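Since the model is a prediction, treat every value here as computed from it, not as a measurement.
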Amino acid sequence: MIEGPVQAKKSTVEEEAIEVLGARVHNLKNIDVRIPRDQLVVITGLSGSGKSSLAFDTIHAEGQRRYIETFNAYARQFLGGIERPDVDLITGLSPVIAIEQKTISRNPRSTVGTITEIYDLLRLLYARAGEAYSHVTGKRMVRYTDEQILTLLLTEHAGQDLLILAPIVRGRKGHYRELFDQFLRQGFLRVRVDGKVLDLTSKPMLDRYKTHDIELVVDRLKVNAANAKRLRESCAIALKQGKGSIFVVNAITDEARYLSRNLMDPESGIAYEEPEPNLFSFNSPYGACPKCAGLGQVTEVAADKIVPDPGKSLRRGAIEPLGTYKGTWVFRQIEAVLASFGHKADTPFAEMEDEVLSTILNGSDEPLRVESQAGLSARNVRFDGIIPYILEQAQEGPKTAQKWASQFTRMAPCPECGGARLKKTARWFRIAGKDITELARMPISELHEHMLALPGQLDDRQAVIAHEVVKEIASRSKFLLDVGLEYLTLDRSARTLSGGEAQRIRLATQIGSQLTGVLYILDEPSIGLHMRDDQRLIASLRMLRDGGNSVLVVEHDKEMMMHADHIIDIGPGAGVHGGHVVAQGTPAELMRSNSLTARYLSGTEQIAIPKTRRTGNGHSVRLTGAKGNNLKNVDLVLPLGTFICVTGVSGSGKSTLIGDTLYPILSKTFHRAESQPLEYAKIEGLKFLDKVIEVDQSPIGRTPRSNPATYTGMFDHIRNLFAMLPSAKVRGYKSGRFSFNTPGGRCETCKGAGVRTIAMNFLPDVSVPCETCRGKRYDRETLEVRFKGRNISDVLALSVEEAMDVFSEVPSISLKLATLLEVGLGYITLGQSSTTLSGGEAQRIKLAAELSKRDTGNTFYILDEPTTGLHFEDTKLLVSVLDKLVEQGNTVLVIEHNMDIMKVADHIIDLGPEGGAGGGKITAQGTPEQVALMGRGYTAKFLERELFN
């Protein structure tokens, strides 16, 4: 355990604090704040109270503005005016770096290795110190200098009659007449083709459809000291013609040997190019697997989707992409295929041989005789098959065709590289017996240990080359371990990372950069961390602070607050009820105040532990033999009609078990979803459910046009209401007039976005308010229609709480607003862009949208870390909402680390005991009390402290 807060040393600069005077951004009420420098400072408060407005929209925004002000006038003209935050004065501000959750790359080529730059260091290491092995024989490859080649021939082949050859062609088809003519013009008289020496003057004829090995005969001589000069000259010519390689054959015994300036296999003769870092890059054409272009996955057509019901015939629509029989050209071609095997269009596919289906799907090289219509003569054509056509449409067709083809395709590991992303050559360079893809697949903890042990496994030359690179990789991997990411692998795709994981990767990178005098602002770095890993994260933040930096953290985690040097509590409520500094000071000073946060920290206010635990409705879902990723043949039993919490250390297999195995099974069963679950044996008990709903933290929309009003369906009712107003009817306006996504009533300058995006080429795009509508989205005529004195733009600017008053008498709207209030989102505005919402807010909007629908009482809800971004009081509100769902007979499963959720659950499933390869087992399950008393795994001791102390 880390001891209580240690007072940080004072800054050497004059200002001992960052002073913010008169902050009025968003809901901040003209507040003055003094933030101590070179300390770990936590800003906390209710969701929507103004924490992010102070940390990011005021302090970080002003730091960014000041940085851009340092650019010269030429650069600033492209950026435009960066608006100053609504604040009177900020003093003592250092250079600011914000580490947020929303910086995850969605590029499939971005991985943990590329983000942390550890993979770049590995590429350099393998390019300079790697040993090449032949992918044909598996033996180590060698390279020689010209002098070494000459010496080797004179010593090892002394007295032998040798043919000195230049390898020209390896295993390629062709007649090569032009090549032979070229050799004749250069003065060469003989070539060796497929082991036989031929005279070029006799114009040899080769079979153009067979593969050939061709060597140019440069000389034939007896190897001895008298012929040394001639041998040197012949070798030089052979090396020039063979592009650095030479092939010598004993003219008597036919024994052959390859020698090369390049890396070469002496047995098979294959040669590798000199390794450069880009050979090991899957983002470079020099290193990427040619089959998947470095993605590790390829699009493949699923035969079971093309012929889902073999009991049908061609005429009855057995081939799903084509539908029922139409008499078109493609159907006549397939009829001809069937006829060639003795079948008709009415024969069910189940009664046909496998070869028939294979020909229909993959095509045939044999000419096919197809009868033409209207008495025309038959035509001989080649049938390409259904699968090649679908693949062509999926990869090169227009968007509509790609969407159509996607119904019949799925992503599968690349058959050539096996998901390694690199071409074959790159995968045959080894250091200490391992290739670069093996290192990329290691968990960070294992990679770190491997790097520490590596110097002792290298020869003297490698040790000198690798010393600094290995030291840097070990250092960077250690920083990732310090922030609780030991279970990640370097080849993990960046888009599969949670917001918390991506943020902690950036934090580790910043610790590694060892900057000083910087103000770091972090947004809930503890998201996704088990209580065990909290201490390591706090130690990392202290490391940043002790390096001479100021660390400002927006956080709700109790451990983080108790170990902070200073806490600023914003409140007292959310939205218009927040924006004040209600308390601040050291943790001890804060707890003496009467703020809501202080009462929860001191224990005077808390989320009550239920007196009894629900046992459920007597039914259960039983999933057996789950083996996806790191799961060790897990058997999962879920009691229905209860509140279930799945927990465990980071990387223990929670998301694999629930998100990648259980949810796809349920989704496929109830909603015919296309998602494929990871490996499992069987599942039982689904007959007791009729619907599954996953509420995750992915954005509710990818564009600024998406907002809470449109996502929940509320905006349709608002537009209908405006269309029914007398002033709208007089003008002949329909509900479409009030849409900002279609022409008619929207501002056409910004197309209803309210902002215009300026492309900055080398910098991120900049959004500026539209100069025509000034951010209101609509034209002047549309804005003249008002409801209770507010036009449609004013309505979008209302908070949920304010909108509840305005639309209290409109049930279709007030019902949806009530559910948003119920999940603690009274402070967000109806038109707030989805791109500005946190993952936790997006998740609660989805939950509200589901709550506003009718449930059946047999619904299975899955929520992934719903307490993200929630204050203790907000968590209490969430628990009451989830309890209400369970009381109606539904089952709620939550993946969570928060003790306040765990202690109120009916049933806990704890995975572990460690992350990555050390996890994948259920260490304990039962009621919270049972799990705590079992004492197995890390969760038990934290639960025991929470329940019994």
Could you check whether Asp435 and Thr437, counting side-chain N and O atoms only, form a donor-acceptor pair closer than 3.5 Å?
yes
Gln39, Arg542, Arg545 screened by side-chain hydrogen bond (donor to acceptor under 3.5 Å, both in side chains) with Asp565, the one that passes:
Arg545
Test item: Ile909 and Leu638 side chains (from C-beta on) under 4.5 Å apart, heavy atoms
yes
Answer yes when Glu274 and Arg143 have at least one side-chain N-carboxylate O distance shorter than 4.0 Å, and no when they do not.
yes
Salt bridge or not between Lys941 and Glu946? Use side-chain N to carboxylate O under 4.0 Å.
no
Do Arg536 and Glu486 meet the salt-bridge criterion of a basic N to acidic O distance under 4.0 Å?
yes
Audit row: Tyr272, Tyr133, ring-ring contact (aromatic ring centres under 6.0 Å, His included) steps and yes/no
CA-CA 9 Å; Tyr272 293 169; Tyr133 289 80; 9.8 Å; no
Centre of Tyr938's six-membered ring, under 6.0 Å away, within 45 degrees of the axis: is that where NZ or CZ of Arg532 sits?
yes
If we count only N and O atoms by modelled type, under 3.5 Å, do the side chains of Tyr487 and Glu914 hold a donor and an acceptor together?
no
Between Glu267 and Ser134, is there a side-chain donor-acceptor contact under 3.5 Å, judged purely by atom types and distance?
no
Using distance alone, with no hydrogens and no angle criterion, decide if Gln510 and Tyr520 have a side-chain donor and acceptor under 3.5 Å apart.
yes
Is the shortest side-chain N to carboxylate O distance from Asp910 to Arg936 below 4.0 Å?
no
Under 4.0 Å between a side-chain nitrogen and a carboxylate oxygen: does that hold for Arg492 and Glu501?
yes
Passing candidate, side chain to side chain contact (heavy atoms under 4.5 Å, CB included) with Glu896, options Thr647, Thr868, Thr867:
Thr867
